[in-house]
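Here is the structure we will look at, set down as structure tokens.
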Protein chains: 2
Amino acid sequence: MISKQEERLEKILSILKLSNPATVNKLAQLIEVSHMTIRRDIEILEREKKVEVFHGGIMLPDSQRRENWKEYTLADATSIMCEEKKRIGLKAALMLKNNDSLILDTGSTTEYISQSLNPEYSLSIVCFTLNTLIHVSKLKKSKIIFPGGYFHRNTLMFESEEGISILKKNRAAIAFVSASGISLSLGVTCSNSYERETKKTIMGSSMKKVLVADSSKFDIVHSTYFAELQDFDTVITDEGIPDKYRTFCNNNNIELLTV
Amino acid sequence: MISKQEERLEKILSILKLSNPATVNKLAQLIEVSHMTIRRDIEILEREKKVEVFHGGIMLPDSQRRENWKEYTLADATSIMCEEKKRIGLKAALMLKNNDSLILDTGSTTEYISQSLNPEYSLSIVCFTLNTLIHVSKLKKSKIIFPGGYFHRNTLMFESEEGISILKKNRAAIAFVSASGISLSLGVTCSNSYERETKKTIMGSSMKKVLVADSSKFDIVHSTYFAELQDFDTVITDEGIPDKYRTFCNNNNIELLTV
DNA sequence: CCTAAAATGTTATTTTTTTAACATTATTTT
DNA sequence: AAAATAATGTTAAAAAAATAACATTTTAGG
């Protein structure tokens, strides 16, 4: 059971998030209670350090107010293999030429690709995660296709049956596919089962299939299998991969690019 | 040569950076001039949009603190009817209670709704524009459904056949619908034909249909017709609407909320 | 259903801020 | 240096907000 007062306190905070600071009278009008009620509510919020009060109004303290850009990105400068991922992303982006069509998979490496795309090109881009969308949406000359669906907060990915059928309708010259595990014997894997269908679909919709993964993913197996290594035409990774993968790529006609 | 006034303006800004907001009297004391001098300085800073003034003090505007999220937003503090839209958005958000399901249409007004949603609530949110997605994706307790498709840069909207069928599968308690024109004789209209199908669908998928539009949209007609005014249960707008719409809402049992 | 307590609203008073008009002090121009 | 102008200060009145005291409504418990 949530009291009316608690409800008001929430409302006050959400109003403040939108327009900070706010006057007592404005709050009273919006919430449709008397200014005294607001004042008494504010007293509580002030004691809890949720707001700061001054003559003329109240506001959120600095700590509550910061916009958090990090919320929709996986590519964190402090994350592991960050420099390698950046280089891989750039190498991938440089494979493209004007008027190319591409599909971007999930993950932080593909986010670096999306950051490195040439804004002067007219690309046709299919992606389905928020972190890549943020970047590609700024490419004014490119066409964006985003098969939507249900949001998965851990990967920032959207996925649905209908999204899959949009993917099936849109072919691309290149698909950049990520993986969280790569093994010669157990194939290419990812962590979330909901990714499987999407990954298989984009591999079926694209001419050239490029695996982008830093060397920490090699000799690792995760739960969800979605492809064999030889299903890819190209692998972009960093110098740190075991030699057997170099040999394997050579023998299987897979282009191996290390950056 | 730097004038005394310019020096004070700098001082005011640097004081604000340290403690935001500040009262006029505090500034006057610190800078050791009369409160009138500070007031006149503030007038200049306000015209230059360097500070925001309110009864009781001044503060740095949000724009000075917020990161570069402007690229994927339609809600611009300098846009027309901005204050009205904010109030409308807030009023709309306050209609919701915990565990509600809602659909957010395109536009800047709905963006203000998305900004005002209570992060403590577990909502089920359907939206299809990037500007609203940016905000709702931060609501950790809410479920997000984003029917994707082809990106329309002018409205930041995604739209496709498959998106429509996701919309049809997802019902909501409330749909917040925007419009660019509202007329008694010619109905409710929007500017882009690709919006029509989506708007009609969300109106068909929701129990309560709420039209959100500031008063500048009334007595205006745009190219694409998608509903009659009486198709809505509630209209949220500002005080500036013509009286005939008040009468019409009264006679047709439409709840009219002016903020 | 009634009563006591709590919550909210109303009103008048006090305090603070804002505004405006004019006085004073600085600065520039001639 | 005097006059003109601009900048700043002073003061009083107006407006807005805060406070306090009390009235009313709502809620919880018996």
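Letters A, B, ... are given to chains in the order of the sequence lines, protein chains preceding strands, and every chain is numbered from 1.
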Output the rounded distance in Å from [atom1] ([X]) to [atom2] ([N]).
X        : N       : atom1 : atom2 : answer
Gln29(A) : dG9(C)  : CD    : P     : 14 Å
Phe54(A) : dT18(C) : CZ    : P     : 11 Å
His35(B) : dT10(D) : NE2   : P     : 9 Å
Ile38(B) : dA7(D)  : CD1   : P     : 15 Å
Ile58(A) : dA16(D) : CD1   : P     : 20 Å
Glu32(B) : dT10(D) : CD    : P     : 13 Å
Glu7(A)  : dT8(C)  : CD    : C1'   : 15 Å
Leu27(A) : dA18(D) : CG    : P     : 11 Å

#### Entry: Flag for Thr224(B)-Thr189(B): side-chain donor and acceptor within less than 3.5 Å
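On atom types as modelled, these side chains do not qualify, holding no pair under 3.5 Å.
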So, is [X] near the phosphate of [N], with a side-chain N or O under 4.0 Å from OP1 or OP2?
X        : N       : answer
Arg40(B) : dA6(D)  : no
Asn25(B) : dT17(C) : yes
Arg39(A) : dA18(D) : yes

### Query
When all nucleic acid strands are considered with a 4.0 Å heavy-atom cut-off, which category describes Ser34(B): base, sugar-phosphate, or nothing?
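It contacts base atoms.
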May I ask you to check whether [X] and [Y] place their ring centers less than 6.0 Å from one another?
X         : Y         : result
Phe158(A) : Phe128(A) : no
Tyr150(B) : Tyr194(B) : no
Phe218(B) : Tyr245(B) : yes

### Task
Among dT8(D), dT10(D), dT8(C), find the nucleotide with the atom closest to the side chain of Thr37(A).
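In terms of side-chain proximity for Thr37(A), the closest of dT8(D), dT10(D), dT8(C) is dT8(C).
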### Query
Looking at the side chain of Met36(A), which of dT8(C), dT19(C), dT11(C) is the nearest nucleotide?
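For Met36(A), the side-chain atoms sit closest to dT11(C).
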### Flag side-chain contact, heavy atom, 4.5 Å: Glu84(B) against Ser215(B)
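A side-chain contact under 4.5 Å is absent here.
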### Query
Toward the 5' end of DNA chain D, which comes first, His55(A) or Asp41(B), by nearest nucleotide?
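The residue mapped nearer the 5' terminus is Asp41(B).
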### Query
For dG29(D), what is the paired nucleotide under Watson-Crick or G-U wobble rules, both distances under 3.5 Å?
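Partner of dG29(D): dC2(C).
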